[in-house]
2 protein chains.
Amino acid sequence: MAKTGDRARTTAVSALASLDFALDRGSPVPLYHQLAQQLEAAIGHGVLAPGNLLGNEVDLSVRLGLSRPTVRQAIQSLVDKGLLVRRRGVGTQVVHSQVRRPLELSSLYDDLETAGQGPTTEVVRNEVVPAPCDVAAALGVPEGGEVTVLDRLRRTHGRPVALLRNYLPVPLLDLDSARLEATGLYRVMRSAGITLHSARQTVGARAATAGEASRLDEEEGAALLTMQRTAYDDTGRAVEYGTHIYRASLYTFDFQLLVRP
Amino acid sequence: MAKTGDRARTTAVSALASLDFALDRGSPVPLYHQLAQQLEAAIGHGVLAPGNLLGNEVDLSVRLGLSRPTVRQAIQSLVDKGLLVRRRGVGTQVVHSQVRRPLELSSLYDDLETAGQGPTTEVVRNEVVPAPCDVAAALGVPEGGEVTVLDRLRRTHGRPVALLRNYLPVPLLDLDSARLEATGLYRVMRSAGITLHSARQTVGARAATAGEASRLDEEEGAALLTMQRTAYDDTGRAVEYGTHIYRASLYTFDFQLLVRP
DNA sequence: AAGTGGTCTAGACCACTTT
DNA sequence: AAGTGGTCTAGACCACTTA
């Protein structure tokens with residue numbers, strides 16, 4: 001009799017076989033990316049269930065009218081995202097659901113993507129000052145040189161959750177406070193032509209000072225999460241340095257790690 | 001006259017041209033990986049300086065006797081690591097040094113790689129217990145089912161820095177305390193045939209209880225960093241659940257983010 | 001033994017950037 | 001116009017897993 005393994009395999013292949021992928025060769029978006037998006041959507045909708053095998057790459061490429069390298073490139077991008085697992089001699093499987101939910105690191109995700117929503121951000125301060133020592137070192141500008149300092153208070157459900165302080169080199173862009181509150185720092189930077197490449201972050205904790213406590217609606221000595229970040233553009237210039245504090249009672253950093261083989 | 005841009009380009013090409021890459025076609029390690037390793041080493045040693053152009057892929061493949069896709073695969077792997085930047089119409093450049101230093105997240109890095117060194121780990125508890133509610137949910141075992149609980153105290157320079165508590169499904173492996181102290185949890189798991197795939201982490205902060213304070217040599221109410229992690233193998237099974245606390249005065253999480261285009 | 005992914009080749013054409 | 005990376009093809013052989 002067929003065992004569960006056989007049944008699963010049959011189901012998997014037919015599930016994929018019944019899918020029709022719409023590939024548009026005239027589109028400017030690459031074929032491998034079109035395929036990857038549609039595979040990801042199929043996984044997201046549960047059409048391809050966890051554990052399902054994808055069927056071998058050669059058959060897939062023939063059925064789609066693509067070359068095998070192109071199909072591989074699509075599959076590889078989903079493997080890199082942690083959605084699929086390849087095993088030599090076995091096949092390509094959809095990863096089990098609990099493992100998925102690829103999250104970005106909360107704070108950077110906020111800055112990159114949040115636009116209004118629940119959380120609101122109030123610009124408390126936005127001015128040009130001489131660079132303190134640590135800021136100058138992080139941004140690679142002379143100590144005492146001009147930098148923009150930006151203080152923001154972030155609230156969720158009306159309660160303060162974070163004090164965000166950012167320093168930016170002055171010549172990069174001018175910061176419109178109203179626009180910042182509406183769209184977030186990274187969106188403003190991006191639309192100014194700054195393409196982010198990478199960032200270094202340090203997360204720690206310490207007790208709240210009296211001033212911090214009052215602004216965050218906490219008690220003095222309450223545990224705070226701290227985060228420092230230096231962000232670089234793709235030419236290697238430091239474009240932002242931030243020192244942020246979060247109410248530990250309301251905020252955590254949540255993220256997923258993928259172990260590279 | 002030649003401007004700095006021209007000089008940089010010339011320097012870059014000759015620097016790469018003078019390198020001789022030793023590619024062994026008989027080796028089991030793939031050619032693209034051999035090339036990537038040697039490029040990475042050249043960057044690490046400063047032979048390829050930040051901002052240097054790599055020279056175009058076609059020439060490089062001809063000079064190395066490789067096909068262009070193979071060379072591209074090598075370069076792409078370094079782009080994924082954040083060491084190189086490609087720009088269409090321009091070329092491939094070495095990223096500026098400050099951006100580099102690709103770090104793993106400290107704690108997981110510790111668990112994966114640390115073997116003795118400065119930090120030492122003492123196994124305080126290693127026994128089988130019924131699974132508490134949160135542990136059962138995280139590991140996907142029945143509540144009250146048997147799990148191994150492992151408490152460890154980590155010290156650096158003789159001072160306690162962290163209390164590590166891990167839960168593991170019992171059938172997976174048996175944990176030899178002496179071996180754990182010598183090689184770390186993830187090494188023990190790996191040699192038991194468990195291949196890690198991904199992990200979900202939550203980092204927060206809170207005040208130390210009296211008991212925690214005394215074990216960590218802190219004062220009651222001192223700020224602690226907390227970390228919870230669930231790790232999965234490549235079949236999607238949860239293989240470890242950990243709740244760790246760190247002395248915020250001695251420990252931070254340090255990591256790098258790459259922004260995917 | 002059969003089937004899978006892993007690697008590699010030798011081309012081709014296109015889109016973009018710079019000169 | 002020239003040079004760069006980005007995409008794509010149609011094969012080939014190998015290493016590994018499973019039956």
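No hydrogens, no waters, no symmetry mates; every other heavy atom, side chains included, goes into these values. Numbered from 1 within each chain, the chains take letters A, B, ... in sequence-line order.
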Provide, to the nearest angstrom, the distance between the CD atom belonging to A:Glu57 and the C1' atom belonging to D:dT9. 16 Å
Within the distance-only criterion (no hydrogens, no angle test), does the side chain of B:His96 pair as donor or acceptor with the backbone N or O of A:Thr235 below 3.5 angstrom? yes
Whole Å only: how far is the CD atom of A:Gln73 from the P atom of C:dG6? 14 Å
Is A:Asn56 close enough to C:dG3 that one of its side-chain N or O atoms is under 4.0 Å from OP1 or OP2 there? no
Once you apply a heavy-atom cut-off of 4.0 Å, does B:Arg87 come out as touching a base, just sugar-phosphate, or nothing? sugar-phosphate
Value for OG (A:Ser77) from CZ (A:Arg72), rounded to nearest 0.5 Å, stands at 12.0 Å
Taking atom types as modelled and ignoring hydrogens, do the side chains of B:Tyr241 and B:Gln228 form a donor-acceptor contact shorter than 3.5 angstrom? yes
Heteroatom pairs (N/O) under 3.5 angstrom, protein to nucleotides 10-14 of chain D:
residue : atom : partner : partner atom : Å
D:dA12  : N6   : A:Arg68 : NH1          : 3.3

If a pair means Watson-Crick or G-U wobble with both distances below 3.5 Å, what does DNA chain C look like in dot-bracket form, with | marking bases paired to a different strand? ||||||||||||||||||.
Any residue meeting side-chain hydrogen bond (donor to acceptor under 3.5 Å, both in side chains) with B:Thr148, in chain and number order, not counting sequence neighbours: none
note: A:Leu54, atom CG; C:dG5, atom C1'; distance rounded to Å ~ 12 Å
Distance check needed: D:dC8 C1' versus A:Leu35 CG, whole Å only. 14 Å
Within residues 21-39 of chain B or reaching into it, pairs that qualify as salt bridge (charged side-chain N to carboxylate O under 4.0 Å, His left out) - sequence neighbours excluded: none
For DNA chain D, whose closest nucleotide is more 5', that of A:Gly89 or that of A:Thr70? A:Thr70
Report the distance from atom CZ of A:Arg86 to atom C1' of C:dG6, rounded to the nearest whole Å. 8 Å
Return the value, rounded to whole Å, for the distance between atom CD of B:Gln76 and atom C1' of D:dG5. 11 Å
Compare side-chain N and O positions of A:Thr92 against OP1 and OP2 of C:dT4 and report whether any pair is under 4.0 Å apart. no
List the residues meeting side-chain hydrogen bond (donor to acceptor under 3.5 Å, both in side chains) with B:Arg87, not counting sequence neighbours, and say none if there are none. B:Gln93
Name all residues meeting the side-chain hydrogen bond (donor to acceptor under 3.5 Å, both in side chains) criterion together with B:Arg86; count only those two or more places apart in sequence or in a different chain, and write none if there are none. B:Glu57, B:Gln76
Just N and O in the side chain of B:Arg72: are any of them under 4.0 Å from OP1 or OP2 of D:dG5? no
Any residue meeting side-chain contact (heavy atoms from CB on, under 4.5 Å) with A:Thr202, in chain and number order, not counting sequence neighbours: B:Thr252, B:Asp254
For atom CD of A:Gln34 and atom C1' of D:dT7, their distance in whole Å: 12 Å
Mind listing the residues from residues 23-33 of chain B sitting with a heavy atom below 4.0 Å of DNA chain D? Number order is fine. none
Among all residues two or more places apart in sequence or in another chain, which pass the side-chain hydrogen bond (donor to acceptor under 3.5 Å, both in side chains) test with A:Ser67? A:Thr70
For A:Ser177, side-chain contact (heavy atoms from CB on, under 4.5 Å) partners two or more places apart: A:Val123, A:Asn126
Just jot down the side-chain contact (heavy atoms from CB on, under 4.5 Å) partners of A:Arg179, sequence neighbours excluded, or say none. A:Asp176, A:Thr183, A:Val188, A:Ser191
By side-chain contact (heavy atoms from CB on, under 4.5 Å) - contacts of A:Ala74 (at least two apart): A:Tyr32, A:Leu35, A:Ala36
